[in-house]
Amino acid sequence: MPINTTVSTTDHELSWQETALCAQAGPEFFFPAPGASTREAKKLCGACEGRVACLEYALANDERFGVWGGLSEKERLRLRRTQG
Ligand code: SF4
C-alpha cells in the first residue's frame, strides 16, 4: 500500500508504486477498521504487478498497518517470524 512512504527511500525502490492498483482504491480499503475484512484488498493485490516489491518494501520498512503485497498485518508478522 504505497501511501505511507519514508523519505529516505530511493526512487528506484518505489518504482513499483507506479503500477499500484491500490492507488486507485481508497485508503479505507487497505487500512480497514479493526476486525473488518481484508478480502477485497487482497484480491486487488493478487492482480497487482508490484505485489512482490510492495511486500518486500513493507517487510523492509516494518510497516505495521494495513494490507501490503496481499498480506495483512498478522500475516506479515507471521512471515517475519518464520523467516527469522
Ligand atoms: S500489492 Fe496491493 S498493497 Fe501493494 S501496491 Fe499492489 S494493490 Fe497496493
Side-chain angles (χ1 to χ4, degrees):
M1 178 68 210
I3 285 184
N4 297 328
T5 57
T6 55
V7 186
S8 59
T9 309
T10 66
D11 288 347
H12 176 70
E13 287 174 315
L14 294 176
S15 60
W16 56 272
Q17 294 195 6
E18 289 168 16
T19 54
L21 291 181
C22 55
Q24 295 154 38
E28 68 282 358
F29 217 64
F30 282 82
F31 294 97
S37 173
T38 55
R39 192 171 4 153
E40 292 304 313
K42 288 178 179 176
K43 206 191 286 182
L44 212 55
C45 293
C48 180
E49 284 181 28
R51 194 176 71 81
V52 173
C54 175
L55 180 58
E56 284 175 354
Y57 173 88
L59 293 173
N61 290 281
D62 200 18
E63 292 288 352
R64 296 286 165 94
F65 304 104
V67 174
W68 290 75
L71 297 187
S72 68
E73 304 148 37
K74 282 184 189 164
E75 289 163 341
R76 288 196 306 279
L77 191 63
R78 214 175 297 143
L79 185 65
R80 291 171 79 94
R81 286 193 182 136
T82 56
Q83 286 182 340

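Just follow the structure's listing: the first ligand is 1, and inside any ligand the first atom is 1. Numbering starts at 1 and runs along the sequence shown.
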Checklist entry - Would you say the side-chain atoms of Ser72 pair up with the backbone N or O of Glu75, donor to acceptor, closer than 3.5 Å? => result yes
Next on the checklist: Test your reading of the model: is there a side-chain donor-acceptor pair from Gln17 to the backbone of Leu14, 3.5 Å cut-off?
Outcome noted: no
Next on the checklist: If I take every N, O or S atom of Cys54, is at least one of them less than 2.8 Å from atom 4 (Fe) of ligand 1?
Outcome noted: yes
With heavy-atom distances below 4.0 Å as the criterion, list the atoms of ligand 1 near [X].
X     : answer
Phe30 : 2 (Fe), 3 (S), 7 (S)
Gly69 : 1 (S), 3 (S), 4 (Fe)
Ala20 : 5 (S)
Val67 : 3 (S)
Cys48 : 1 (S), 5 (S), 6 (Fe), 7 (S)

Item to check | Metal proximity, Cys22 vs atom 8 (Fe) of ligand 1, N/O/S cut-off 2.8 Å | outcome: yes
Next on the checklist: Can you give me the closest heavy-atom contact between Pro32 and Ser37, atom names plus distance?
Outcome noted: CB-O, 4.1 Å
Checklist entry - Within a strict 4.5 Å, meaning less than it, do heavy atoms of the Glu49 and Trp16 side chains meet? => result no
Checklist entry - Would you say Leu55 and Arg76 make side-chain contact, with heavy atoms under 4.5 Å? => result yes
Checklist entry - Among Glu63, Glu49, Arg51, which one has a heavy atom closest to atom 1 (S) of ligand 1? => result Arg51
Next on the checklist: Which label fits Phe31 and Trp68: parallel for a plane angle under 30°, tilted from 30 to 60°, or perpendicular past 60°?
Outcome noted: perpendicular
